[in-house]
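Here you go, one structure.
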Amino acid sequence: MTNLVACDLDGTLLDKQNRIMAGTKDVIQAFHHAGGSFMIATGRLDHDIVYVENQLGIAGEFRISQNGAVIKDKENRILLKKEIHSDVAQKLMRDLKEWDVRIEVSDINHRYFPSPRKEGEVAEFIDSSIIEPDLEQKVGVQIQPIIFLIFGDVGIFAEIKQRLSKKYDGYVDFIATSPHTLEILPHGVSKGTALEKTMEKLKANSKQVVAIGDSENDLSLFDVAGYSFAMEHAPEAVKQKATVVKTSVKACMEEILEQLKSK
């Protein structure tokens, strides 16, 4: 029996316009009222999860943010917070100057921008961004980073990963979160490891867990969950790892509810 659904936000629960598809709220609430726990796992900061939960009219037992580096419970208590070590963060900032890329940094509450994003490019529901022209000097000193967010393309990302992954092996991991964004996270952080931690707290086993996602950073969820859905638009490698491919979260939740009814 499915007790826990771990669901990605961007490209999964949310469409390209950051909207929740019509009818999705109703099926998620039906699952919630049936005793299930719907948990959001995203690369966004925690306050965006709270915003979406308010739109859905539910509160998950836990919230996984920043791709697994932060976990909070529904009482807003921090279950997990993993930061990049200060010395490593300072060295990364210096090394990344070799490439002509935009670098943003997040801690547990804010995103720090070296300069304003172009109009319309801030996708967060709750804009907690701080413009910090002296970002390079403050990272690892006044700003304790959880994630480095790098904007570029797959060619640049491949070069960055090739050049820096060995140097920082055991300290940070690199993961592409879209064709145009690369994240550098504390070593060992993933949505999957965060999901395992919440499962321990909920005393849930993999057979009771379903994961829903559409990107490379959701594969770790698929590895942990007993059943997984990939969105139809997901890359082929993601779809191949999923149990089933669906067109929407609404369709996924409808299948889950049907399974619950048949038990």
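FYI, side chains are in, hydrogens and waters are out, and symmetry mates aren't considered; it's all heavy atoms of this structure. Keep in mind that what you see is a predicted model, and the values were worked out from it rather than measured.
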Handout entry: Sidechain-backbone polar pair: Ser215 side chain, Asn217 backbone, donor-acceptor under 3.5 Å
Key = no
Practice task
Check whether more than 12 heavy atoms from other residues, nucleotides or ligands sit under 6.0 Å from atom NE2 of His233, and answer yes or no.
Solution key: yes
Fill in the blank from the handout: Correct closest heavy-atom pair for Asn18 and Leu14 would be O-CD2, 3.9 Å
Exercise for the section: Please check if atom CD in Glu232 has more than 12 non-hydrogen atoms from other residues, nucleotides or ligands closer than 6.0 Å. Expected result: no
Under 3.5 Å donor-acceptor pairs involving side-chain atoms of residues 154-162, not counting sequence neighbours:
| from | atom 1 | to | atom 2 | distance (Å) |
| --- | --- | --- | --- | --- |
| Glu159 | OE2 | Trp99 | NE1 | 3.0 |

Problem - Heavy-atom donor-acceptor pair, Glu258 side chain to Met253 backbone, under 3.5 Å - result: no
Exercise for the section: State whether the number of non-hydrogen atoms from other residues, nucleotides or ligands found under 6.0 Å of Lys91 atom NZ is greater than 12. Expected result: no
Problem - Whether Arg63 side chain and His47 backbone form a donor-acceptor pair below 3.5 Å - result: no
Handout entry: Pairwise side-chain contact, Val5 with Phe31, heavy-atom cut-off 4.5 Å (strictly under)
Key = yes
Practice task
Using a strict cut-off of less than 4.0 Å between a Lys/Arg side-chain nitrogen and an Asp/Glu carboxylate oxygen, indicate whether Lys239 and Glu236 qualify as a salt bridge.
Solution key: yes
Problem - N/O donor-acceptor pair under 3.5 Å between Asp48 side chain and Ile126 backbone - result: yes
Exercise for the section: Spell out, as yes or no, whether a donor-acceptor pair under 3.5 Å connects the side chain of Asp169 to the backbone of Ser165. Expected result: no
Practice task
For Ser129 and Arg111, indicate whether the former's side chain and the latter's backbone hold a donor-acceptor pair under 3.5 Å.
Solution key: no
Practice task
Using modelled atom types only, decide if a donor and an acceptor are shared between the side chain of Gln142 and the backbone of Val139 within a distance under 3.5 Å.
Solution key: no
Handout entry: Any donor-acceptor pair under 3.5 Å from Glu132 side chain to Tyr112 backbone
Key = no
Practice task
Keeping the roles fixed (side chain from His85, backbone from Asp87), state whether a donor-acceptor pair exists under 3.5 Å.
Solution key: yes
Problem - Presence of salt bridge, Arg94 and Glu136, under 4.0 angstrom - result: no
Handout entry: Spacing of OG1 belonging to Thr24 relative to CG belonging to Asp15, to within rounding of 0.5 Å
Key = 9.5 Å
Practice task
Check ring-ring contact (aromatic ring centres under 6.0 Å, His included) between Tyr227 and all other residues, then give those that pass, not counting sequence neighbours.
Solution key: Phe229
Problem - Side-chain heavy atoms of Leu4 within contact of Val210, under 4.5 Å - result: no
Handout entry: Nearest heavy-atom neighbours spanning Leu182 and Ala176
Key = CD1-N, 3.9 Å
Practice task
Keeping the roles fixed (side chain from His110, backbone from Ile130), state whether a donor-acceptor pair exists under 3.5 Å.
Solution key: no
Atom pairs and distances, side-chain donor-acceptor, residues 49-62, under 3.5 Å, sequence neighbours left out:
| from | atom 1 | to | atom 2 | distance (Å) |
| --- | --- | --- | --- | --- |
| Glu53 | OE2 | Gly60 | N | 3.0 |
| Asn54 | ND2 | Val50 | O | 3.3 |
| Glu61 | OE2 | Lys74 | NZ | 3.1 |

Completion exercise
Taken to the nearest 0.5 Å, the spacing of Arg44 CZ from Thr177 OG1 works out to 11.5 Å
